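Read the structure below first, then the notes.
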Amino acid sequence: MVDQNLSVPKYWRKIPQYYRLTAVKCRKCGRVYFPPRAVCECGSREFDEYELPRRGKLIEYTVLRSVTSDFEKQRPLAFGIADLGGVRVFGQLVDCPNPDKLGEGAEVEVVFRRVKEDSDYGIIYYGFKLRPVKGCW
Amino acid sequence: MAVGIVGWGAYIPRYRIKTREIAEAWGDDALRIRDMYLVEEKAVGYIDEDPVTMAVEASRDALTRAGIAPSEVGAVFAGTESKPYAVKPISSILIDALNLKRQVYSVDMEFACKAGSDAIVNLMGLVKSGLIKYGIAVGTDSSQGEPGEHLEYTVGTGAVAYIIGSTNLVAEIKHTYPFASDTPDFWRRDGSPYPVHGEGFTGEPAYFRHIIGAAKGLMEELGMKPNDFDYAIFHQPNARFPVRVAQMLGFPLEKVKPGIVVDLIGNTYNASALLGLAKVLEEAKPGSRILVVTFGSGAGSNAFYIETTDLLPSRVKLARTVGEMLEDKVYIDYSLYLKYRRIIRMIHG
Ligand SMILES: [Zn+2]
């Protein structure tokens, strides 16, 4: 999920996470962190970059009708937590007009979408979202 | 050196609107409109989809099918006529979204609906010269059709990507032939929200003259005839034009039909004929001979002679197919269409 109050430099620094779900994998114990961390639970500070798989299962979701003004025109917004290769990732659910029709553990794929934009003249922020593979209507 | 297609990927949004639904909103006779264009419905990107997002989706599947590492890609060219930024490239966003290396030739190309095919031709040259190992050519569009005007019935949304290289080919591109001239058939002025047609210029002097010029030129140089091809794929602004140009060139309907997608998703501009090719690659047997002719207003065509290899069938199922995406759809009404396509002007948001 792209943070809602974002400056252009902050967005730019997080492009690997927003675009490709770039996580980190501990060299010592193999734990994977998304978003990345500086120190592993095992105490190690040595990580390798690791791209999360782009298919996984939906663990839970919620539908919001009350959202901040940037997202008002997209209501209702659905958000979900997906298990992507053992890592839990929070993101917006798209192409899913009726999330209630999603079964438990529905298969989701990671897609690349517009997240928000700074008016008609500013930058467009892109990032990942979650999309049910089979649909939900 | 043989050059050609190593992998391909397509993307069609999930939402659709029926021609009938649009006709009812504007008081048109739906049957007459359907008869004019033979378009049943068209694909509509959601509010958060644009030519950038679709290019990423198609390119990711193309890399998956090619089975190559992103670091092996030496160039990425995006053909589009509906860039979300007037100045700021799609191709550089692709570099980071696909995790390509920094040493990549990258540029966006524009020639109405033809640029995606020019991306392919240019990458063929870079591969042949040894400057790059693989390149990504993208055709992606989410173009504009003024509400209440006829263009609105056919303007669709979609993207397609091809990995061009010289090893592990699923299809060899054996020959190309261009045909272009200054023809004022269709344009959109800078800053204008919708394009306009040049009166009387859209059919014969533009689409038919350029496609026939490129197709005939290619066949003459190769000494081939329509009989020598298993499939013929043409740019598809509607479903009537490709069928008619096939008849004029002497191709039977059964060789044209497999490559027609416009009837179900609309005209996807830079993806149009190349999406038809993606669909044909999903069903073609090894050794199939394919003619592809693209067209862009302004105007020009590129003709390609493509022959599939033994490697093709095993790559089809490695990613989402056009066939699957044509079936995977949710219908929306005209009001949601206006919202999703951001046609309603808003002060807030
Ligand atoms: Zn650790």
Side-chain angles (χ1 to χ4, degrees), chain A residues 2 8 11-22 49-55 67-75 77-78 91-98 101 109-137, chain B residues 11-16 44-61 63-64 69-70 83-88 90 92-100 140 142 159 193 319-320 324-325 327-333 336 338-340 342 344-349:
Chain A
V2 172
V8 171
Y11 163 77
W12 180 76
R13 278 195 301 274
K14 287 193 172 178
I15 275 178
Q17 288 169 51
Y18 294 152
Y19 284 15
R20 306 194 301 270
L21 290 167
T22 303
E49 279 196 1
Y50 175 79
E51 256 182 55
L52 296 181
R54 288 203 296 271
R55 285 248 174 150
V67 295
T68 59
S69 58
D70 279 337
F71 297 90
E72 255 177 7
K73 301 287 156 62
Q74 294 185 43
R75 287 180 299 170
L77 259 73
Q92 188 182 337
L93 271 181
V94 289
D95 286 2
C96 183
N98 298 303
K101 300 238 165 107
E109 59 187 352
V110 173
V111 290
F112 188 84
R113 296 287 175 107
R114 273 183 189 221
V115 176
K116 60 171 241 172
E117 56 196 275
D118 286 341
S119 79
D120 282 348
Y121 303 99
I123 195 169
I124 303 165
Y125 301 92
Y126 292 95
F128 73 88
K129 293 186 182 179
L130 304 169
R131 178 192 205 238
V133 173
K134 288 271 184 277
C136 46
W137 41 88
Chain B
Y11 181 77
I12 300 166
R14 201 167 246 172
Y15 295 101
R16 302 284 192 283
V44 182
Y46 184 57
I47 209 161
D48 62 358
E49 295 191 272
D50 66 20
V52 175
T53 64
M54 298 191 298
V56 171
E57 294 294 322
S59 301
R60 281 178 173 167
D61 278 5
L63 283 168
T64 301
K83 279 161 60 103
Y85 288 100
V87 178
K88 187 179 184 304
I90 293 175
S92 65
I93 302 175
L94 285 170
I95 291 173
D96 275 84
L98 305 174
N99 203 15
L100 307 183
T140 182
S142 175
R320 298 172 289 199
E324 285 162 7
M325 286 184 276
E327 298 285 315
D328 178 14
K329 55 190 174 187
V330 184
Y331 289 107
I332 55 171
D333 63 18
L336 281 182
L338 292 178
K339 179 177 166 181
Y340 290 0
R342 299 156 167 259
I344 309 167
R345 291 296 296 166
M346 295 182 287
I347 298 171
H348 300 96

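In what follows, chains are A, B, ... by sequence order, proteins preceding strands, each numbered from 1. As the structure is a computational prediction, the values presented were derived from the model and not from experiment.
- Side chains of Tyr18(A) and Asp96(B): no donor on one and acceptor on the other come within 3.5 Å.
- When all heavy atoms of Asp328(B) and Val133(A) are compared, the pair lying nearest together is OD2-O, 4.3 Å.
- With respect to chain A, the highest number of heavy-atom pairs below 4.5 Å among Tyr85(B), Tyr15(B), Tyr46(B) belongs to Tyr85(B).
- Salt bridge status for Glu49(B) with Arg131(A): absent, with no side-chain N to carboxylate O gap under 4.0 Å.
- Of all heavy-atom pairs spanning Arg60(B) and Arg20(A), the tightest one is NH2-CA, 4.3 Å.
- Using a 4.5 Å cut-off between heavy atoms, Tyr340(B) makes no contact with chain A at all.
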- [ ] Test side-chain contact (heavy atoms from CB on, under 4.5 Å) on Tyr126(A) and Asp50(B) and set out the steps.
- [x] CA-CA 10 Å; Tyr126(A) 292 95; Asp50(B) 66 20; 2.6 Å; yes
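- Under a 4.0 Å N-O distance rule, the pair Asp120(A)/Arg345(B) qualifies as a salt bridge.
- Of the listed residues (Val111(A), Ile124(A), Ile123(A)), the one with the most heavy-atom contacts under 4.5 Å to chain B is Ile124(A).
- Side chains of Gln74(A) and Asp48(B): no donor on one and acceptor on the other come within 3.5 Å.
- Heavy atoms closer than 4.5 Å to chain A are found in the backbone of Leu98(B), but not in its side chain.
- The environment of Glu49(A) atom CD is sparse: at most 12 non-hydrogen atoms of other residues, nucleotides or ligands sit within 6.0 angstrom.
- Here CZ of Arg54(A) is found 6.0 Å from OG1 of Thr64(B). Values are rounded to the nearest 0.5 Å.
- Considering every non-hydrogen atom in both Pro84(B) and Arg114(A), the closest pair reads CB-NH2, 3.5 Å.
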